[in-house]
Protein chains: 2
Amino acid sequence: MGTRERRQREVAEREDLFLDAALELIRQDGLLNLQMSRIAEKSEYAVGTLYLHFASKEDLLLALVTRVFREYIELVKLAQAWKASSRDRMFAVGVADMMFVRRYPDYFRIAQYSVCEVAWQAASSERRKAFLDANDPLVEIVAGIVEDARRVGDLEAAGQTAQEMAIGVWALCNGYHNLSHAEGILADFSVHDPYLLMCRHLQGLLDGFRWKPISDVADAAALDALIERVCREVFNEECNETQGS
Amino acid sequence: MGTRERRQREVAEREDLFLDAALELIRQDGLLNLQMSRIAEKSEYAVGTLYLHFASKEDLLLALVTRVFREYIELVKLAQAWKASSRDRMFAVGVADMMFVRRYPDYFRIAQYSVCEVAWQAASSERRKAFLDANDPLVEIVAGIVEDARRVGDLEAAGQTAQEMAIGVWALCNGYHNLSHAEGILADFSVHDPYLLMCRHLQGLLDGFRWKPISDVADAAALDALIERVCREVFNEECNETQGS
DNA sequence: CGCGCACTCTGAATTAGATTCAAAGTTGGG
DNA sequence: CCCAACTTTGAATCTAATTCAGAGTGCGCG
């Protein structure tokens with residue numbers, strides 16, 4: 001009876017094992033040098049077995065992206081559930097992005113690649129669907145904060161749906177990820193910390209939505225303090241802007 | 001004397017020829033099916049000759065992206081030079097993005113791929129530098145509009161440089177390009193026209209910057225009218241939101 | 001006008017690495 | 001203990017990018 005189930009569990013565990021190995025190899029040698037045979041070797045399985053799980057290399061990468069993305073969703077849920085004003089909770093979503101990138105510095109590069117037409121098409125349709133399904137909650141959670149804000153009177157409808165507002169926030173953050181991770185693009189403009197800029201502009205966008213309480217654009221110290229507070233209260237983490245020595 | 005120069009010209013023309021062929025092939029068969037040998041064949045040259053120009057396939061793609069990007073810069077310059085309020089000119093930059101995507105529907109996908117770590121690393125360093133150099137003016141031009149706005153009193157400094165504001169606008173637009181072009185991501189949220197949403201949120205961001213005159217968030221008709229006006233006055237083009245039949 | 005050098009172009013051969021699949025191994029029920 | 005069904009294996013296959021030895025070209029000089 002249980003035989004079939006045990007097997008299924010074992011297979012699922014093996015899938016995780018492959019993904020762990022892939023992530024480690026990427027960290028070690030970079031995405032460019034990732035080879036299917038190395039992943040197999042590192043996991044102590046044959047290449048053929050790897051291909052029982054993943055239709056292609058890109059399929060494996062999209063699986064990895066989807067798995068890690070679920071952890072990101074958890075961070076965003078923390079932001080949503082935070083006991084704070086709707087505006088601060090919305091802002092915390094941006095900080096979640098920042099924390100997440102710090103935790104998985106490679107994630108965005110892999111995601112960027114996996115979502116490109118070239119890689120996307122090479123993934124199996126099941127894997128693509130799984131990724132899109134993993135994405136759905138994001139907009140819903142963020143839209144939930146928007147709806148709370150409206151309910152409480154912090155925000156007027158202003159001719160757009162909660163989802164549309166959520167997408168705006170998503171686009172802004174996504175754009176910052178993109179620019180930050182594309183080698184050298186921001187370097188030319190001596191942007192010290194792109195994610196601090198992202199936070200500032202997220203505040204700008206929320207002000208533009210007339211989301212109360214409106215922030216004081218010029219008060220950099222207040223912004224720093226808020227970021228600190230979010231890190232502490234929502235994510236139980238320190239978040240010095242300057243990391244290493 | 002002129003022999004050397006003629007040769008140089010011929011070589012440059014050939015490079016364009018290759019890029020034209022590549023673009024056409026991409027339009028025809030998609031980026032995924034682009035093959036170096038096909039590009040060579042279509043241009044009536046040997047593969048080896050192609051490789052005299054481009055260090056790799058990715059190098060060629062980045063060259064293509066850089067070439068097309070320069071046309072985009074021209075659109076943004078039109079926005080900058082427009083005889084209108086600073087605020088409208090800034091907004092026109094967003095509309096330029098929209099027009100550009102309409103003109104080169106494939107551009108963003110190719111760019112997205114070329115800028116990914118995997119492809120980026122495979123391009124030659126000269127090509128990378130050329131791309132970054134082509135990017136520089138963008139922020140400068142947009143920052144120029146910001147500076148004009150400050151000069152005229154439409155905008156307070158508010159603790160950020162003109163460049164930083166320009167990067168915010170860039171990030172928002174870039175994020176929208178990304179989300180729009182990643183297959184299916186926005187489809188799940190029944191977003192009719194992502195670029196209309198982009199325009200609305202660009203207005204939001206500019207409002208957040210306290211850029212005068214502040215827009216009326218709820219007035220959808222006014223936004224449509226403004227987009228129409230920009231299309232007509234700046235780009236001499238129609239811009240019905242709904243394209244085909 | 002013909003020669004030979006220096007430069008350019010060619011495309012068949014090489015290569016790297018993803019992917020496949022025939023054969024070997026395993027499992028569990030009878 | 002055997003066998004059929006299911007798993008796993010990794011050497012062989014395949015694809016397409018990339019290379020490079022040799023053929024071709026054009027130009028200046030005797």
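Letters A, B, ... are given to chains in the order of the sequence lines, protein chains preceding strands, and every chain is numbered from 1. Side-chain atoms are counted along with the backbone in the values below, which use heavy atoms only and exclude waters and symmetry mates.
Ring geometry for A:Phe18 versus A:Phe54: interplanar angle over 60°, hence perpendicular rather than tilted (30 to 60°). Using cut-offs of 30° and 60° for the angle between ring planes, the A:Trp120 and A:Phe131 rings count as perpendicular. Taking the six-membered ring for Trp and thresholds of 30 and 60 degrees, A:His181 and A:Tyr195 have ring planes more than 60 degrees apart, a perpendicular arrangement. Ring pair A:Tyr113/B:Tyr113 is tilted by interplanar angle, where 30° to 60° counts as tilted.
In this view, A:Asn174 and B:Asn178 satisfy the side chain to side chain donor-acceptor pair (under 3.5 Å) rule, not counting sequence neighbours. Scanning for side chain to side chain donor-acceptor pair (under 3.5 Å) contacts around B:Arg14 gives B:His53, with sequence neighbours left out. Listed by chain and residue number, nothing satisfies the side chain to side chain donor-acceptor pair (under 3.5 Å) test with B:Arg38 (two or more places apart in sequence, or in another chain).
Listed nucleotides: D:dA17, D:dT9, C:dT20. Nearest to the side chain of B:Tyr51: D:dA17. Of the candidates C:dT19, D:dT8, C:dT10, the closest approach to any side-chain atom of A:Leu52 belongs to D:dT8. Among the nucleotides C:dT10, D:dT19, C:dC9, the one closest to the side chain of B:Ala46 is C:dT10.
Taking atom OH of residue B:Tyr45 and atom C1' of nucleotide D:dT25, one finds them 14 Å apart after rounding to whole Å. Between B:His53 atom NE2 and D:dT19 atom P the separation is 15 Å, expressed in whole Å. Regarding B:Leu50, its CG atom lies at a distance of 12 Å from the P atom of D:dT19, rounded to whole Å. In this entry the distance linking CD of A:Glu10 with P of C:dG28 reads 10 Å, nearest Å.
Shown for residues 110-120 of chain A: no residue has heavy atoms falling under 4.0 angstrom of DNA chain C. Less than 4.0 Å separates DNA chain C from no heavy atom of any residue of residues 56-66 of chain B. Heavy-atom distances under 4.0 Å link DNA chain C to no residue of residues 25-41 of chain B.
Between B:Glu15 and B:Arg127, at least one side-chain nitrogen of the basic residue sits less than 4.0 Å from a carboxylate oxygen of the acidic one, meeting the salt-bridge criterion. A:Glu164 has a carboxylate O that lies under 4.0 Å from a charged side-chain N of B:Arg200, or vice versa, which qualifies the two as a salt bridge.
At distances below 3.5 Å, at least one donor-acceptor pair connects side-chain atoms of B:Arg128 with backbone N or O atoms of B:Ala123.
Look at A:Thr49 and you'll find a side-chain N or O under 4.0 angstrom from OP1 or OP2 of D:dT9.
A 4.5 Å side-chain heavy-atom check between B:Val101 and B:Pro105 finds every atom pair outside the cut-off.
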